[in-house]
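When a residue number appears, it is its place in the shown sequence, counting from 1. In this text, all values refer to a predicted model and were calculated from it rather than measured experimentally.
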Amino acid sequence: MSFFFTETDLDEARTKAIIDQALGHADDGELFLEYAQSEAFVFDDGRLKNASYDITQGFGLRSVLGETVAFAHASELSEAALKRAAQSVEAVKAGHGGVLAAAPPKTNRHLYADSDPLSAVPFEVKTKLLQDIDAYARNKDPRVSQVSASLSGEWVQVQILRPGGEAVADIRPLVRLNVSVTAQDGDRRETGSTGAGGRETYERLLHPDFWQSQVDEALRMALVNLQAEAAPAGEMEVVLGSGWTGVLLHEAVGHGLEGDFNRKKTSAFAGLLGEKVAAEGVTVIDDGTIEGRRGSLTVDDEGTPTSRTTLIEDGKLVGFMQDRMNARLMGVPATGNGRRESHQHAPMPRMTNTFMLGGDKPREELIESVKDGILAVNFAGGQVDITSGKFVFNCTEAYRIQGGKLGAPLKNVALIGDGPSVMKKVSMIGNDFALDPGIGVCGKAGQGVPVGVGQPSLKIDAITVGGAG
């Protein structure tokens with residue numbers, strides 16, 4: 001794969017010379033080249049409401065000078081644009097006499113093939129899938145009043161060039177299917193939603209067994225919500241389900257374990273390396289090498305091979321997620337967690353697939369141990385303060401637990417707490433570890449990137465539950 005093709009006037013030798021000049025005497029830096037194709041289809045109210053296709057390309061040129069980052073980008077792959085960007089980053093470099101950091105290690109691993117998922121499936125097949133989803137959902141139950149479905153995909157090529165001619169490339173496919181079903185019973189209307197995908201082609205998503213199971217699950221959640229009762233409020237025992245509920249771990253704990261927040265000492269975990277920060281048995285890992293997962297990459301956006309990084313081991317804080325700049329400033333190796341939303345953004349330490357390992361308890365045993373509490377199975381959005389770890393998460397599916405017995409479904413459930421405290425209140429860890437179905441998007445400093453989460457079922461001895469009464 002090469003970006004030095006006939007549609008641009010980029011010459012490989014001249015481009016490398018510009019990079020060498022622009023990043024001379026810097027501590028680090030790279031030219032990030034990107035070519036991306038993306039498409040999206042939205043089917044709502046019985047008709048195709050939107051179909052879009054887009055091609056973007058461009059570059060980002062970054063020079064790292066101590067803790068200062070000089071960054072310029074353009075949406076055209078031309079020598080003239082690159083020279084203008086080089087002049088911008090060189091101006092910031094004036095007087096700096098750094099020695100360029102060594103290039104990232106090489107890897108022979110390739111997580112994804114060159115095949116383009118967008119062109120492999122005709123337009124008609126994609127739109128028919130959404131029509132079939134709509135018809136299937138409406139025929140499943142007379143209470144279905146509205147169906148929405150969307151299908152999206154992208155295929156991204158990146159190439160990262162460093163001074164001295166070092167170069168690395170990556171291919172990044174990504175697809176996703178979302179289904180939302182609204183059911184009505186009398187005057188009451190409730191919605192259930194599902195989604196799934198990953199770094200793959202559309203093949204799995206198009207199979208009837210797959211998309212029908214997504215519709216079935218969305219409908220099940222809508223019907224459960226029709227029966228949901230007002231949630232209690234107060235501090236109580238909480239059992240978290242497996243899989244997607246790991247988004248709470250991601251937000252309330254994961255961000256606090258990123259290198260920049262700890263170097264700047266703005267994280268609740270700053271200065272606690274080697275200390276007990278969670279209950280015994282709690283092991284948290286970030287792994288960008290799992291093929292097919294949303295957060296997985298062959299190399300990160302600085303060219304470092306992704307890795308499996310243990311963050312918390314048996315309750316003890318043992319590591320952070322690092323990009324190259326923060327790793328250099330903290331005197332530790334980069335972990336392959338330097339990520340950016342696109343060529344228009346500079347990289348920063350970000351999660352890939354972040355999850356807690358499983359234990360040895362069946363979920364039923366966790367539920368039976370609860371005298372008065374709730375089971376939280378699915379989450380929607382939440383708010384987190386990274387400095388303190390304080391969070392508020394809204395549940396889309398939850399149930400009352402009383403006397404160890406599962407009771408009625410609940411609505412308007414919010415979980416309120418802080419990540420460091422909650423991790424110390426984990427008293428039982430389930431044996432049902434699961435990763436999420438492939439829907440995670442993480443936001444940080446205005447940038448969004450695909451991520452994965454996961455965990456087993458967990459019993460937490462006390463979380464504040466906000467409800468309707």
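Listed by first and then second residue, the ring pair (Phe, Tyr, Trp, His ring centres under 6.0 Å) pairs that reach into residues 320-350 come to none, sequence neighbours excluded. Applying the ring pair (Phe, Tyr, Trp, His ring centres under 6.0 Å) test to every pair with at least one member in residues 415-449, sequence neighbours left out, gives these pairs: Phe355-Phe433. Residue pairs satisfying the salt bridge (Lys or Arg N to Asp or Glu O under 4.0 Å) criterion with at least one member in residues 22-33, sequence neighbours excluded, are listed as follows: Asp28-Arg162, Asp28-Arg324, Glu30-Arg62, Glu30-Arg340.
Taking Glu67 as the reference, Arg263 meet the side chain to side chain donor-acceptor pair (under 3.5 Å) condition, with sequence neighbours excluded. Under the rule for a side chain to side chain contact (heavy atoms under 4.5 Å, CB included), the partners of Val89 that lie at least two apart in sequence or sit in another chain are Ala22, Leu61, Ser63, Ala70, Ala72. Remark: Ala40 engages Ser52, Ser152 in a side chain to side chain contact (heavy atoms under 4.5 Å, CB included) (not counting sequence neighbours).
Between Phe379 and Phe393, the angle of the ring planes lies from 30° to 60°, which puts this pair in the tilted group.
Remark: Asn412 CG to Cys395 SG distance equals 10.5 Å, nearest 0.5 Å. To the nearest 0.5 Å, atom NZ of residue Lys361 and atom CG of residue Asp432 are 13.5 Å apart. Ile285 CD1 to Leu311 CG: the interatomic distance, rounded to the nearest 0.5 Å, is 8.0 Å.
Annotation: Lys106, atom NZ; neighbour count of heavy atoms from other residues, nucleotides and ligands within 6.0 Å is above 12. The number of heavy-atom neighbours closer than 6.0 Å to NZ of Lys425, taken from other residues, nucleotides and ligands shown, is above 12. Atom NZ of Lys444 sits in a crowded spot, with more than 12 heavy atoms from other residues, nucleotides or ligands closer than 6.0 Å. Remark: Lys49 NZ is packed, more than 12 non-hydrogen atoms of other residues, nucleotides or ligands lying under 6.0 Å away.
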Residue pair Thr191, Ser180: steps toward the side chain to side chain contact (heavy atoms under 4.5 Å, CB included) verdict: CA-CA 7 Å; Thr191 299; Ser180 176; 3.2 Å; yes
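Side-chain atoms of Ser267 come within 3.5 Å of backbone N or O of Gly256 as a donor-acceptor pair. A donor-acceptor pair under 3.5 Å is formed between the side chain of Arg199 and the backbone N or O of Arg294. Under a 3.5 Å cut-off, the side chain of Asn178 and the backbone N or O of Ala149 do not form any donor-acceptor pair. In terms of modelled atom types and a separation under 3.5 Å, the side chain of Lys126 and the main chain of Leu118 share a donor-acceptor contact.
Across every non-hydrogen atom of Ile429 and Pro456, the tightest pair is CG2-CG, 3.6 Å.
Ser388 and Asp418 share no side-chain donor-acceptor pair at under 3.5 Å.
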